[in-house]
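Shown next, in structure tokens, is the structure this report addresses.
Within every chain, numbering begins at 1; the chains are lettered A, B, ... in the order of the sequence lines, protein sequences first and strands thereafter.
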Number of protein chains: 2
Amino acid sequence: MAQEAGVSPATVSRCLNTPAAVRSDKRQRVEDAVRKLGYVPHGAARALASKRSRMIGAIFPAVDNALFGCALEVFQQELAHEGYTVVVAASGYDADLEARHVRNLLQNGIDALLLVGTARSPDIYRLIAARQIPYVAVWRSDQTSEHPCIGFDNIAAAEHLTDYLVDLGHRRFVMFSGQLDGNDRAQDRVEGVRRSLDRHGIPLPANAILERPFGVDEGREMFRLVMTENPAPTAIICGSEPFAYGAVFEAAERNIAVPDQVSIAGFDDLWLASQLSPALTTVRTPQREIGQEAAKYLLARLKGDRIAPPRPLETHLIIRKSTAPPPAAL
Amino acid sequence: MAQEAGVSPATVSRCLNTPAAVRSDKRQRVEDAVRKLGYVPHGAARALASKRSRMIGAIFPAVDNALFGCALEVFQQELAHEGYTVVVAASGYDADLEARHVRNLLQNGIDALLLVGTARSPDIYRLIAARQIPYVAVWRSDQTSEHPCIGFDNIAAAEHLTDYLVDLGHRRFVMFSGQLDGNDRAQDRVEGVRRSLDRHGIPLPANAILERPFGVDEGREMFRLVMTENPAPTAIICGSEPFAYGAVFEAAERNIAVPDQVSIAGFDDLWLASQLSPALTTVRTPQREIGQEAAKYLLARLKGDRIAPPRPLETHLIIRKSTAPPPAAL
DNA sequence: ATTATTTTTGAAAGCGCTTTCAAAATTAGA
DNA sequence: TCTAATTTTGAAAGCGCTTTCAAAAATAAT
């Protein structure tokens with residue numbers, strides 16, 4: 001290659017990596033030779049010599065649903081465009097498995113890492129710090145955290161949704177939450193609901209918060225459970241949309257009128273929320289933007305910029321037909 | 001590292017890569033030193049020296065839905081377990097973008113490649129062949145194809161589903177299909193429907209096959225269109241489940257009784273099929289098995305085994321409440 | 001025109017591991 | 001026990017590129 005261009009290998013390398021450091025006559029000769037020979041740099045050789053792999057790791061709780069899959073697609077596209085390769089792993093909400101993936105990716109020499117949420121063992125963060133690579137925790141926004149976060153304020157979003165239901169007149173709430181242990185996003189959503197209800201002087205007993213693994217059938221089960229209570233709740237806040245789907249499906253099967261008898265609210269505004277009948281009131285979360293901002297942040301960090309993560313991304317309360325004022329005269 | 005173990009670097013390398021070629025006393029010393037030093041091989045150095053990257057590329061049309069996401073998760077887990085890294089890209093059903101991803105991955109020196117379907121430019125296959133790496137086309141099974149396929153017989157599955165509807169008494173069919181151009185799986189499903197109806201002497205005019213990009217709203221639109229026909233069809237076969245979701249949702253909104261007035265059948269048995277009301281009759285396709293078999297096949301090929309892809313995986317007709325005999329006395 | 005400064009370039013070293021080949025060690029057979 | 005065959009091991013080379021440093025070339029200042 002260098003021979004064909006009539007320059008040294010060092011000049012070829014400079015033309016490809018720092019073109020401004022090469023005079024244009026030589027640069028032209030190199031470009032011609034690249035074209036003529038169809039030259040493609042050998043990734044491993046570059047990684048070895050430069051001590052940078054140009055690979056970025058991304059560990060999601062799951063990739064088989066639209067929530068994380070959407071962010072992953074955007075993330076991958078942005079980084080591919082800048083010559084980076086994204087290596088994906090799924091943890092299944094299992095902290096041990098996630099830790100294993102982190103170790104494995106670090107061993108593979110990734111240049112940067114995307115993680116979901118901040119709740120994890122300090123050992124993991126120490127491992128990452130020892131490698132001195134940039135990382136970012138997404139789906140959460142916590143300006144007090146020592147970890148760079150890109151996401152939205154789960155507390156405020158849940159609070160806002162709850163305020164809306166309170167303003168509709170609801171006073172009897174339950175919340176369907178994902179497992180709280182190790183899932184800071186789920187914890188934040190519960191916290192947001194608590195804050196709103198506290199602010200309004202509305203009690204939320206501990207047994208009004210039900211905790212299950214994410215899933216539609218779990219939503220169905222919780223719905224059956226709470227609707228047997230007397231008095232039954234008039235508003236159900238779901239910390240994740242599969243729960244809301246399950247609740248809506250179960251209500252239909254049991255001829256329980258939504259929202260006439262009970263309002264149901266979701267969280268995330270995935271594609272099915274607007275298709276259900278009644279269409280779900282929910283919080284729209286910025287999935288694409290998360291993928292995009294995470295890519296931009298890591299790219300900047302990899303360039304050596306000392307930037308802070310962006311301000312929290314916006315969520316929007318999306319009001320649809322699944323919520324209405326509570327039944328009168330109970 | 002080799003110094004710590006008191007052996008040569010070549011012996012360390014052999015202990016890690018071909019342990020049978022090392023006597024146990026030396027092997028023990030190397031294992032001790034690895035443990036003591038926390039030694040981890042440098043991936044790029046291994047790739048450069050061995051001319052194998054231990055990376056495997058996987059290009060899916062999309063990864064933000066359960067269909068491909070499920071297979072991806074299984075695929076990644078199997079390969080990670082054998083020390084391989086999976087690099088994922090999404091093509092958005094765009095042939096040019098897919099070609100770009102293929103080139104990029106080949107340039108990155110992947111050891112093997114997973115693709116979806118076989119319909120693509122011969123240039124792409126030539127590029128892959130030039131690199132002399134194993135590849136596999138999934139989601140299709142075609143024993144006559146020159147390309148190794150792992151999947152199921154889309155034709156037979158669609159035929160079987162159609163037979164079932166014919167046996168119920170249906171004679172007026174429409175099919176909602178994804179874009180046929182460049183999507184061999186979609187073509188096969190149309191072909192299967194045609195074969196069944198031909199075999200039963202039932203006409204399927206060209207305008208009874210509607211072609212749209214995949215999506216729920218597209219399913220809604222097609223449903224509205226065909227249900228204004230007089231006589232309207234009594235059975236709708238959807239080549240992909242989002243169409244079926246859309247049809248069911250639209251039927252509910254228009255007070256069209258499913259399956260009393262029109263039966264709706266899906267394809268793939270994704271998680272929502274069983275949750276809808278009425279629950280969808282559909283074809284269960286082996287998503288997990290595809291990911292698993294693809295991983296096993298590529299691993300064997302990378303080991304140098306000359307194996308054929310597995311026999312076609314099984315599909316199952318899943319009969320639920322969305323289908324019934326056609327309305328009597330029309 | 002000469003000198004000082006800056007920019008460009010090539011030679012050399014080396015990133016961390018694998019492979020090859022020949023020597024050393026071990027095992028098997030007579 | 002000796003010889004032949006096989007296995008194990010280490011030294012050396014090198015995978016393809018990047019980085020460093022010193023020399024060469026170009027530019028700026030006097």
ask   = Side-chain donor-acceptor pair under 3.5 Å between A:Ser141 and A:Gln143, yes or no?
value = no
Could you pull out every donor-acceptor pair under 3.5 Å between side chains of residues 57-72 of chain A and any protein atom, sequence neighbours left out?
residue: A:Asn65; atom: OD1; partner: A:Leu67; partner atom: N; Å: 3.0
residue: A:Asn65; atom: OD1; partner: A:Phe68; partner atom: N; Å: 3.3

Distance in Å, [X] [atom1] paired with [Y] [atom2], rounded so as to fall on 0.5 Å steps:
| X | Y | atom1 | atom2 | answer |
| --- | --- | --- | --- | --- |
| A:Leu298 | A:Leu113 | CG | CG | 8.5 Å |
| B:Cys149 | B:Ile290 | SG | CD1 | 11.0 Å |
| A:Leu114 | A:Ile56 | CG | CD1 | 9.5 Å |

inquiry  = Among residues at least two apart in sequence or on other chains, which ones pass salt bridge (charged side-chain N to carboxylate O under 4.0 Å, His left out) with A:Lys36?
reply    = A:Glu4
ask   = Under the salt bridge (charged side-chain N to carboxylate O under 4.0 Å, His left out) test, which residues partner B:Asp268, sequence neighbours left out?
value = B:Arg189
request  = Identify, residue by residue, the members of residues 9-18 of chain A with a heavy atom below 4.0 Å from DNA chain C, and return them in order of residue number, or none.
outcome  = A:Ala10, A:Thr11, A:Arg14
remark   = Residues of residues 25-48 of chain A with a heavy atom under 4.0 Å from any atom of DNA chain C, listed by number, are A:Lys26, A:Leu48
query = So how far off straight is the helix from C:dA1-D:dT30 to C:dA30-D:dT1, going by the axes through five pairs at either end, to 10°?
reply = 20°
Name each donor-acceptor pair under 3.5 Å that joins a side chain in residues 79-93 of chain A to protein atoms two or more places apart or in another chain, with its distance.
residue: A:Tyr84; atom: OH; partner: A:Arg52; partner atom: NH2; Å: 2.8
residue: A:Thr85; atom: OG1; partner: B:Asn108; partner atom: ND2; Å: 2.8
residue: A:Ser91; atom: OG; partner: A:Tyr93; partner atom: N; Å: 3.4

inquiry  = At a heavy-atom distance below 4.0 Å, which nucleotide of DNA chain C is the first touched by chain B, and which is the last?
reply    = C:dG16 to C:dT27
Which atom pairs, one a donor and one an acceptor, fall under 3.5 Å between side chains of residues 26-34 of chain A and the rest of the protein, sequence neighbours left out?
residue: A:Arg27; atom: NE; partner: A:Pro19; partner atom: O; Å: 3.3
residue: A:Arg27; atom: NH2; partner: A:Val22; partner atom: O; Å: 2.9
residue: A:Gln28; atom: NE2; partner: A:Asp32; partner atom: OD1; Å: 3.1
residue: A:Arg29; atom: NE; partner: A:Ala5; partner atom: O; Å: 3.3
residue: A:Arg29; atom: NH2; partner: A:Ala5; partner atom: O; Å: 3.4
residue: A:Arg29; atom: NH2; partner: A:Gly6; partner atom: O; Å: 3.0
residue: A:Asp32; atom: OD1; partner: A:Arg35; partner atom: NH1; Å: 3.3

message = Going by side-chain hydrogen bond (donor to acceptor under 3.5 Å, both in side chains), name the pairs with one or both residues in residues 94-106 of chain B, residues two or more places apart or in two chains.
response = B:Glu98-B:Arg120
key: Atom CD of B:Gln179: over 12 foreign heavy atoms under 6.0 Å   = yes
ask   = Please, which pairs that meet salt bridge (charged side-chain N to carboxylate O under 4.0 Å, His left out) have at least one residue in residues 140-150 of chain B, sequence neighbours excluded?
value = B:Arg140-B:Asp142, B:Arg140-B:Asp184, B:Arg140-B:Asp188
inquiry  = Need to verify one output field. Residue with the more 5' nearest nucleotide on DNA chain C, A:Ser8 or B:Ala49?
reply    = A:Ser8
ask   = CZ of A:Arg23 versus C1' of D:dA24: gap in Å, rounded?
value = 12 Å
Quick one: side chains of residues 301-309 of chain A, donor-acceptor pairs under 3.5 Å with protein atoms, not counting sequence neighbours, listed by atom name and distance.
residue: A:Arg301; atom: NH1; partner: A:Tyr297; partner atom: OH; Å: 3.1

